[in-house]
Amino acid sequence: MFHYMDNAATSFPKPEEVLAVMEHFFNNTGGNPGRSGHRLSLKSGEIVYETRDLLAQLFNIEDPLQIVFTLNATMAMNMALSGLLKPGDHVITSSLEHNSLARPLRYMETKGVEITRISCSPPDFQISLEELEQSIQKNTRLIALMHGSNVTGTIFPLKEIGKIAKKHSLYFMVDAAQTAGAYPIDVQREGIHMLAFTGHKGLFGPQGTGGLYIDPRLKIESFIRGGTGSLSEEDRQPDFMPDVLESGTPNAMGLAGLSAGVKYILKEGIDKIRGKEEELTFFLLKGLKEIDGIKVFGEESVKRRMPIISFLVDGVSPSTVGEILDDEYNILVRVGLHCSPWAHESMGTIPEGTVRVSLSYFNTEKQVDNLIKALKEIVKEEVETS
Ligand SMILES: Cc1ncc(COP(=O)(O)O)c(C=O)c1O
């Protein structure tokens with residue numbers, strides 16, 4: 001049996017309920033949501049609405065209809081940036097961002113949008129709130145940041161950043177791809193105007209699900225138009241949420257699975273999920289620290305970081321470590337740049353990147369122990385052969 005430790009890429013396994021609900025949808029529901037008006041279409045529509053409602057509960061969103069479903073966080077952020085920004089606008093971001101934000105921002109730069117990237121440096125890779133505030137210009141329109149880093153495990157202080165955004169009347173967009181489901185996120189308390197999330201990581205849903213919450217005071221222009229099941233007599237896009245931004249048949253079976261994932265999180269409780277992940281992270285960091293020849297990146301305190309740990313083994317490339325762990329120990333981790341070249345520039349780990357272990361609620365202490373034993377053997381072998 002293998003140990004899956006690549007949950008930052010996608011969570012695995014999922015709670016049993018997720019598959020059960022998707023199977024039930026496949027066998028019994030099947031209709032196109034909000035389209036045909038017959039019982040199976042209505043049932044499917046109810047399931048999609050229930051998913052919106054559960055996510056609204058999870059993120060303390062007042063009106064579930066302000067959530068637009070997308071394929072993933074990447075699509076959500078592209079929708080947000082292209083629908084909001086105009087040439088001449090200025091955006092503040094950080095040097096830890098994933099390519100799903102970095103690349104659309106780079107693209108927007110070619111269209112006349114100005115970008116300031118705040119450097120997040122070792123040892124903790126935290127963002128400087130002073131620098132953030134000092135970077136605000138007359139034309140600043142948006143602060144666009146991740147909540148948690150998929151490379152360094154850094155967690156940004158949303159509430160404090162939200163306060164700065166509010167003080168300067170700026171929009172605040174958060175990429176919650178890594179934190180949704182495992183950290184409390186409250187769009188009202190944290191002053192978030194747009195929240196991008198993906199369904200297949202901490203929310204325990206299937207791949208191909210995700211979404212964007214949009215503050216009701218904000219108008220986002222759509223880059224896609226088409227059938228919504230509403231106002232079918234008109235050839236113009238409805239102007240109400242979520243239909244204005246949600247065209248074409250959604251991934252209803254996937255959203256059924258996502259609803260089961262969110263229900264599971266609400267049932268278990270975020271504190272319990274986070275608590276277990278902190279415990280595992282503690283064991284992992286402690287074990288790694290005891291091995292001479294391993295360099296760990298990021299914050300030391302498990303209270304201030306995610307269960308995502310990047311490290312290097314002296315004398316062995318990250319890709320070789322990954323291969324040995326997979327082939328000889330059945331341990332699955334990710335190696336390389338993790339779609340985040342900016343973060344690796346900040347860490348000085350270009351071009352080879354790092355080995356990244358990312359744990360979930362379903363990993364065990366025993367698995368972490370086995371990983372530490374495997375790494376000890378890899379280091380020993382390297383010392384003996386060099
Ligand atoms: C911080 C961060 N943002 C965004 C994404 C993109 O998520 P998705 O591929 O589901 O759109 C990821 C995926 O790894 C991520 O780690």
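Nothing fancy with the numbering, it's 1 onward along the sequence. All ligand and atom numbering here is 1-based and tracks the order in the structure.
A distance-only check finds a donor-acceptor pair linking the side chain of R141 to the backbone of L84 [under 3.5 Å]. Checked by atom type and distance alone, the side chain of N251 pairs as donor or acceptor with a backbone atom of G254 at under 3.5 Å.
Here the closest non-hydrogen pair linking K14 and T10 is NZ-OG1, 4.0 Å. Taking both residues in full, the closest heavy atoms of D243 and S247 are given as O-OG, 4.4 Å, listed atom of the first, atom of the second, then distance.
Using a 4.0 Å cutoff on heavy atoms, A8 counts as a contact of ligand 1.
Of the protein's non-hydrogen atoms, the one nearest atom 16 (O) of ligand 1 is Q178 NE2, 2.8 Å. Counting only heavy atoms of the protein, atom 13 (C) of ligand 1 lies nearest to K201 NZ, 2.8 Å. T198 OG1, 2.6 Å is the protein heavy atom nearest to atom 10 (O) of ligand 1. Closest to atom 4 (C) of ligand 1 among all protein heavy atoms lies S100 OG, 2.9 Å. At the top of the distance list for atom 15 (C) of ligand 1, counting protein heavy atoms only, stands H98 CD2, 3.3 Å. For atom 2 (C) of ligand 1, the closest heavy atom belonging to the protein is D175 OD2, 3.4 Å.
Counting only residues at least two apart or on different chains, the ring-ring contact (aromatic ring centres under 6.0 Å, His included) pairs with a member in residues 151-179 are Y171-H193.
Contacts between E97 and ligand 1, counted as non-hydrogen atom pairs separated by less than 4.0 Å, are absent for every part of the residue.
Geometrically, K295 engages F297 in a cation-pi contact, judged by NZ or CZ lying under 6.0 Å from the ring centre and within 45° of the ring axis.
The A177 neighbourhood of ligand 1 comprises atoms 2 (C), 3 (N), 4 (C), 5 (C), 12 (C), 15 (C), with distances under 4.0 Å to a heavy atom of that residue. Contact atoms of ligand 1 toward N150: 1 (C), 16 (O) (distance under 4.0 Å to a heavy atom of the residue). Atom numbering of ligand 1 starts at 1 in the shown order; those under 4.0 Å from a heavy atom of N72 are 8 (P), 10 (O), 11 (O).
Note on E299 versus R304: salt bridge recorded, some NZ/NE/NH1/NH2 to OD/OE distance being below 4.0 Å.
Remark: the K166 side chain and the S169 side chain contain no N/O donor-acceptor pair separated by less than 3.5 Å.
Residue A73 has at least one nitrogen or oxygen atom sitting less than 3.5 Å from a nitrogen or oxygen atom of ligand 1, judged on distance alone.
By heavy-atom distance, the residue among T74, L101, N78, L145 lying nearest atom 8 (P) of ligand 1 is T74.
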